[in-house]
Amino acid sequence: MARGKLRIHLGAAPGVGKTYAMLAEAHRRVERGTDCVVAFVEHYGRHRTEVLLHGLEQVPRRELEYRGGVFPEMDLDAVLARRPQVALVDELAHTNVPGSRNAKRWQDVEELLAAGIDVVSTVNIQHLESLGDVVESITGVRQQETVPDEVVRRADQVELVDMTPEALRRRMAHGNIYRPDKIDAALSNHFRPGNLTALRELALLWVADRADAYLTQYRSEHRVSKIWGSRERIVVGLTGGPEGRTLIRRGARLAEKGAGGEVLAVYIARSDGLTSASPKELALQRTLVEDLGGTFHHVVGDDIPAALLAFARGVNATQVVLGSSRRKTWQYVFGPGVGATVARESGPDLDVHIVTHDEVARGRGLPVARGARLGRSRRVWGWITGVAGPPLLAALLNAVDLGLANDMLLFLALTVAAALLGGLLPALASAAVGSLLLNYFYTPPLHRWTIADPKNIVAIVIFVAVGVAVASVVDLAARRTHQAARLRAESEILSFLAGNVLRGETGLEDLLERVRETFGMESAALLERASDVEPWTCAGRVGRGHPVDRPDQADVDMPVGDHMALALTGRVLPAEDRRVLAAFAAQAAVVLDRRRLREEADRARTLAEGNRIRTALLAAVSHDLRTPLAGIKAAVTSLRSEDVEWSEEDRAELLAGIEEGADRLDHLVGNLLDMSRLQTGTVTPLIREIDLDEVVPMALGGVPEGSACLDVPETLPMVAVDPGLLERAMANLVENAVKYSPPGALVLVAGSALADRVEVRVVDRGPGVPDEAKERIFEPFQRHGDAPRGAGVGLGLAVARGFAEAMGGTLEAEDTPGGGLTMVLTLRAAGARPEHRPAAEPERQAS
C-alpha cells in the first residue's frame, strides 16, 4: 500500500488562519470530488472557522475520562475504518489524553499515512522541538507540546500561513481569536509586537531553509551546474595563512548586507597531504567562521582553482572572497595565481572579490631547515663531513693530479654526503668550503682567489646548486617522514579513542592516565563547573603533580564546552599537539557523561525495583492482610454481640477462627519484614555450629500434624548456620510443600551429607513446577500457576533462598521422581572453609 501524503499549514502564532486555510482547502478538494473528512478540528468558538466546518463530513470523536473530566479526542480507529482519501487533523503537536492509543497526535497521523490516507494538518512554529529554547527566550514560556522536526520536514508540502503582527493584533482585539476575557492578557504577553515579529521571522527562515533544501535536491537530481542566485552565499577561500581571518570577516560583512546571507569558508588541501598550512591557524579560522554564524569546509583537490569553483557551484554560491596573492613579483613567471585564475574562469554568474591584507607580496617563505628531524648523531656527522671533509679531500688531491673535472666530482660527492647526513646547513657549509678550495687549488690561476676561465665559474655554480638541491631534498624527506610518523601516531591514538567509544571500556581515570602518558605530563585532571559564577570542581585526576583548582593554573588547558576543561601540568604543549589533545578532552567528557548516566541508570533501576516491590506489597496487603483481619473482626464482633446466644461449640469455633487469622497475620508480617531486611541488605547471620535435629523439627511446628515426616539421621555432621534463619527458611519450605501437596500425601524432610556440605531435601508430591519457572518461583511476590490470593503473597521461597545465601548456602528446586517438587537446601558443614562473600552492612543482627 502506498504511503499517504502529508500537507502541513505552518503558522507563527495562534490566529494567523491555519485552520481556516486547511478547511478552505478541504472545500476545494470536495468540490473536485475528493473523499475528504474532518478527523479532528477544533474551532474554539471562532465563528468563521465554525462556518467552514459546515458541509464537511466529520468523524465522531472518542470521549475519554481523565481526572474526573470527559475529553474529546480523535477516534483513530473510526478514521481508519472509514478510510477516506484525505483526513483533516488539526493541531499536529497536540498531546492526547492518557488512555489513547498514542501519546501524541503526530503519532496518530503517522498511522493514517501508513494506511495510505492523505493528511492535511496544522502546526505553529513554536511547537517544533528544536526551537523550544529559542521560543522560550522570546516569549518566556516553555512549550510543553512539541513535535519532532523530522516529522514536519518529511511532509510532502509545507505551506506558510502568514500574517503581519499588526493584523494579528487587530484580529485579537476584534475578538476573532480568544474570548473577550482573555484578550487584554494575550495582547500584553504572548501577542506583543516584538514576540510576534520574532516568531514570524522564525517561521519565515524555517520555510526558507526547507525551500533551499528542496532547491539543492532539485539541482542535484537534474545536474544543474549553473548558479541560481536565490540567496546570497559567500564562499571564502582559505590558504591556512594569517590573512584568512581578514577574509572571513570581510565575507561576513558581505553576507550581512543581504537578508538570509550565508558564509561558507573552504580550505583546499592537496590530495597527497603535503601542505604548509598551519593546523593551529586553521583551527582558529574554523572557530571564527563558526562564531560568525558560518560553516567551515575541508575539500581535497590538486587543482585549487578548479576545486574552489566546483565547490562554489555545488553550494549555489553567488560570491567568492579571495585574498590578494602573497607571492612576490618574480614568482608570477610560474603562472597567474589562484585569484586571477578563479576570476577568469568564474563566469558571469559568480562574483569574485579580491581582498587586500597585510600579507600581500610578502611571500610564503622557504621551509626552514629542521635538523632536529634528522637526529643529533646525523647532524654531528653531517657537520664533520661538511666542514672537515673538504680540507682533507684537498690535501689528498694535492698529492694526486686527477684533473679539474674529477676534482669537482669528488667535492660534489662530499657535499652530497654531507647533505644526506646532516641536511641543508652542513651541505651549504660543504659547498662553500669546497668551492673556495676548488677555486684556490685547482682553478687557473692556481693559488689565487680568481677564476680566469668563465666555464669554470659555471662549473662551480652548478656544483653549489646541486649540493643545495640535494640537501633540500634530504631535508624535505626528513620533514615528511617526521610528519608521517606523527600522523601515524595521531591516527593510532584516535583509533584507540574511537574503539573505546564503540566498546565503552575506558574509565575516566584510565583515559586521563593515557593522556598523561601520551603527552609526558606530570598530572591530568578534568575540571567542571555548573555555571560561569560557580567554582571549578574536579571530576577526575591522575598523576603526582601539584593539583590545580582552575584551568588557568595548569600548563595546558583544553576547554570542553562552556563549563568543562582538561587541565595538564608538566610542560607547555606545542600547537600541533593540541589537535589530538582536543580529541582526548572530548572523549573525557563523553566518558564522564557515560559514567553519570550509568549511575543514574543504576539508581533508577534500584528505584524501579523498590517501586515494584512496594507496588506488589500494596497489592498483597490489600487482600492478604485484610482477609484475616476481616475474619478476626467478624468473629470478635459476633462474640461481643448480645443479640445472639452462642453455644460453646460456636464460641470455640469463632475463637479458633480468630487464632487462625492471627497466626496467618503473624506469618505474613514475618515474611514481609524478612523480605524487607533482605532487600535492604541488613541481614547479618550469627553463624555457629549446631546439629540439624536441633532446628529442623522446630520448623514443622507450623504445619498440621501428620502432614510431614522427618528423616534426619543423628550421624549427620554439624552445620555452620544461624539457627534462627535456618528455622525460618525451613518453616517456609515445609509450609509451601504442604500447601501444594495433595490430601493425604506426606511431605518428606530428609537430610544427607555430601563431602563438606549437608543437604536438606523437602519433597512433596504436588503438581510440580516446569523447568522454565523453577527460578521464577524464588522471586518476590511470585506464585506459580493460578494460585488464589489467599495462598499468600509469594514471599516464602524468596525469603528462604535469601536466608540460605546469607548463611553461605544455596536453595534450588528439582523435580521429584514420580511427580512433585523437591527443594534442596545445601548448607556448609562445620569445619569446612567458608566461601568468600561480600560483607553485609552490620545494621541489624539476625537471631
Side-chain angles (χ1 to χ4, degrees), residues 1-42 49 52-53 56-57 74 76 79-80 83-94 104-131 145-163 199-222 224 228 230-231 260 316:
M1 182 180 298
R3 180 180 173 86
K5 296 183 178 180
L6 175 62
R7 177 171 181 171
I8 294 178
H9 293 268
L10 177 68
V16 296
K18 303 181 302 299
T19 305
Y20 190 92
M22 178 178 67
L23 294 175
E25 172 69 18
H27 279 284
R28 289 193 294 271
R29 296 195 180 200
V30 170
E31 291 174 359
R32 295 195 299 264
T34 304
D35 182 16
C36 183
V37 302
V38 176
F40 188 95
V41 172
E42 186 63 58
T49 305
L52 279 181
L53 283 171
L56 297 176
E57 178 185 349
M74 180 178 70
L76 179 60
V79 178
L80 291 173
R83 292 195 60 80
Q85 290 179 278
V86 180
L88 307 184
V89 183
D90 204 6
E91 299 178 357
L92 186 63
H94 171 74
K104 293 286 188 177
R105 185 164 292 168
W106 64 264
Q107 296 172 324
D108 296 336
V109 169
E110 288 293 320
E111 290 198 31
L112 294 178
L113 295 173
I117 301 174
D118 294 345
V119 176
V120 183
S121 187
T122 64
V123 71
N124 284 328
I125 192 66
Q126 63 262 33
H127 293 299
L128 294 184
E129 193 169 301
S130 66
L131 299 178
E145 294 186 331
T146 60
V147 59
D149 290 47
E150 185 60 26
V151 174
V152 184
R153 290 187 181 277
R154 285 201 309 263
D156 299 275
Q157 298 181 57
V158 176
E159 179 178 340
L160 178 65
V161 182
D162 189 30
M163 180 176 289
L199 293 175
R200 187 187 186 202
E201 182 182 20
L202 279 179
L204 291 171
L205 290 176
W206 195 93
V207 174
D209 287 339
R210 178 176 173 83
D212 185 68
Y214 278 145
L215 178 61
T216 302
Q217 180 181 357
Y218 177 86
R219 285 169 53 86
S220 175
E221 292 175 352
H222 292 77
V224 178
W228 294 351
S230 55
R231 63 187 297 184
N316 200 27

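What you see is a predicted model, and the numbers here were worked out from it, not measured in a lab. As a basis for the values below, the full set of heavy atoms in this structure was taken, side chains included, without hydrogen atoms, waters or symmetry mates.
- E145 contributes atom CD, which lies 11.0 Å from atom CD of Q126 (distance to the nearest 0.5 angstrom).
- Rounding to the nearest 0.5 angstrom, the gap separating the CG atom in L56 from the CZ atom in R29 is 12.0 Å.
- Across every non-hydrogen atom of V89 and S121, the tightest pair is O-OG, 2.7 Å.
- Summarising the geometry of I125 relative to L10, their closest heavy-atom pair is N-CD1, 3.9 Å, with the distance given to 0.1 Å.
- The pair R28-E25 meets the salt-bridge criterion, with a side-chain N (NZ, NE, NH1 or NH2) lying under 4.0 Å from an Asp/Glu carboxylate O.
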Could you go step by step and tell me if V147 and L128 meet the side chain to side chain contact (heavy atoms under 4.5 Å, CB included) rule? CA-CA 5 Å; V147 59; L128 294 184; 3.9 Å; yes

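- For E129, there are no salt bridge (charged side-chain N to carboxylate O under 4.0 Å, His left out) partners at least two apart in sequence or on another chain.
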Q.
If you apply the rule side chain to side chain contact (heavy atoms under 4.5 Å, CB included), what do you find for L131 with T146, and how did you get there?
A. CA-CA 9 Å; L131 299 178; T146 60; over 6 Å; no

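- Counting only heavy atoms from C-beta outward, the side chains of V119 and V86 never approach each other to under 4.5 Å.
- The two residues F40 and M74 have their closest heavy-atom pair at CD1-N, 3.7 Å.
- Summarising the geometry, atom CE belonging to M22 is positioned 11.5 Å from atom CZ belonging to R7; distances are rounded to the nearest 0.5 Å.
- H94 contributes atom NE2, which lies 9.0 Å from atom CG of D108 (distance to the nearest 0.5 angstrom).
- The minimum heavy-atom distance between L204 and D162, with the atom names listed, is CD2-OD2, 4.5 Å.
- Minimum heavy-atom separation, E91 to R105: O-CD, 3.3 Å.
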List the atom pairs, donor and acceptor, that lie under 3.5 Å between side-chain atoms in residues 13-20 and the rest of the protein, sequence neighbours left out.
residue: K18; atom: NZ; partner: N124; partner atom: OD1; Å: 2.7
residue: T19; atom: OG1; partner: D90; partner atom: OD1; Å: 3.3
residue: T19; atom: OG1; partner: D90; partner atom: OD2; Å: 3.1

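- With rounding to the nearest 0.5 angstrom, the CZ atom of R83 is 5.5 Å from the CD1 atom of I117.
- At least one side-chain heavy atom of W206 sits under 4.5 Å from a side-chain heavy atom of V158.
- Distance check: R3 CZ to L113 CG gives 4.5 Å after rounding to the nearest 0.5 Å.
- Closest approach of L52 to H27, counting heavy atoms only: O-NE2, 2.6 Å.
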*asked:* Go through it in stages, so that I can follow the logic: the residues are R154 and E110, the test is salt bridge (charged side-chain N to carboxylate O under 4.0 Å, His left out), and I'd like the CA-CA distance, side-chain angles, deciding distance and then a yes or no.
replied: CA-CA 11 Å; R154 285 201 309 263; E110 288 293 320; 3.2 Å; yes

